[in-house]
Amino acid sequence: MFLKIIGGAIVLWGIADLIIGLQGGDLWAQVGITLPDIVWQYSHYVAIVLGGIIFSMGGNKDEASGE
């Protein structure tokens, strides 16, 4: 369950980063983190994929424990 919450939060962060980035803003800079341009261009995709992987890991663990 914990991994699903963390994964979902990371996916939501990535989606927010994508939307704000498309509008010309920088979500990372708003929280005080400066990313190089090459990393900033893909940070939202990385967050969405990483969050999805973590979320799916949480699903596999729950099924194995019988919850």
Side-chain angles (χ1 to χ4, degrees):
M1 181 67 162
F2 179 72
L3 289 177
K4 285 189 171 197
I5 293 170
I6 296 299
I10 294 171
V11 168
L12 290 175
W13 176 271
I15 292 170
D17 186 26
L18 176 63
I19 291 169
I20 291 172
L22 289 174
Q23 295 176 349
D26 186 359
L27 183 60
W28 292 97
Q30 291 178 7
V31 296
I33 300 171
T34 304
L35 297 175
D37 286 339
I38 190 72
V39 175
W40 179 81
Q41 291 176 345
Y42 301 106
S43 64
H44 42 275
Y45 298 124
V46 172
I48 292 169
V49 169
L50 182 63
I53 291 169
I54 293 171
F55 185 85
S56 67
M57 287 171 50
N60 293 338
K61 226 173 202 182
D62 289 345
E63 291 172 8
S65 66
E67 292 181 9

- Task: Check whether Tyr45 and Ile33 end up in the same hydrophobic cluster, where Ile, Leu, Val, Met, Phe, Trp and Tyr are linked by side-chain heavy atoms less than 4.5 Å apart.
- Result: yes
- Message: So which atom in Gly14 and which in Ala47 form the shortest heavy-atom distance, rounded to 0.1 Å?
- Response: CA-CB, 3.7 Å
- Inter-residue atom distance Leu18.CG - Ser43.OG, 0.5 Å rounding: 9.0 Å
- Query: Are Trp28 and Val39 connected in the hydrophobic side-chain network, where two residues link if heavy atoms are under 4.5 Å apart?
  - Reply: yes
- Message: Restricting to non-hydrogen atoms, name the atom on Gln30 and the atom on Ile20 that form the minimum distance, rounded to 0.1 Å.
- Response: NE2-CG2, 4.5 Å
- Query: Would Tyr42 end up clustered with Leu50 when hydrophobic side chains under 4.5 Å apart are linked, directly or stepwise?
  - Reply: no
- Message: Please report the interatomic distance CG(Asp17) to CD1(Ile10), rounded to the nearest 0.5 Å.
- Response: 13.0 Å
- In chain order, what residues pass the side chain to side chain contact (heavy atoms under 4.5 Å, CB included) check against Ile15, with sequence neighbours excluded? Val11, Ile19, Ile48
- What's the spacing between Leu27 CG and Leu35 CG if we round to 0.5 Å? 10.0 Å
- Task: State yes or no: do Ile38 and Val46 share one hydrophobic cluster built from I, L, V, M, F, W and Y residues joined by side-chain heavy-atom distances below 4.5 Å, directly or via other members?
- Result: no
- About how many Å separate CZ of Phe55 and CD1 of Ile5, when rounded to the nearest 0.5 Å? 10.0 Å
- Item | Verdict with supporting geometry, Val31 and Trp13, side chain to side chain contact (heavy atoms under 4.5 Å, CB included) | CA-CA 12 Å; Val31 296; Trp13 176 271; 3.9 Å; yes
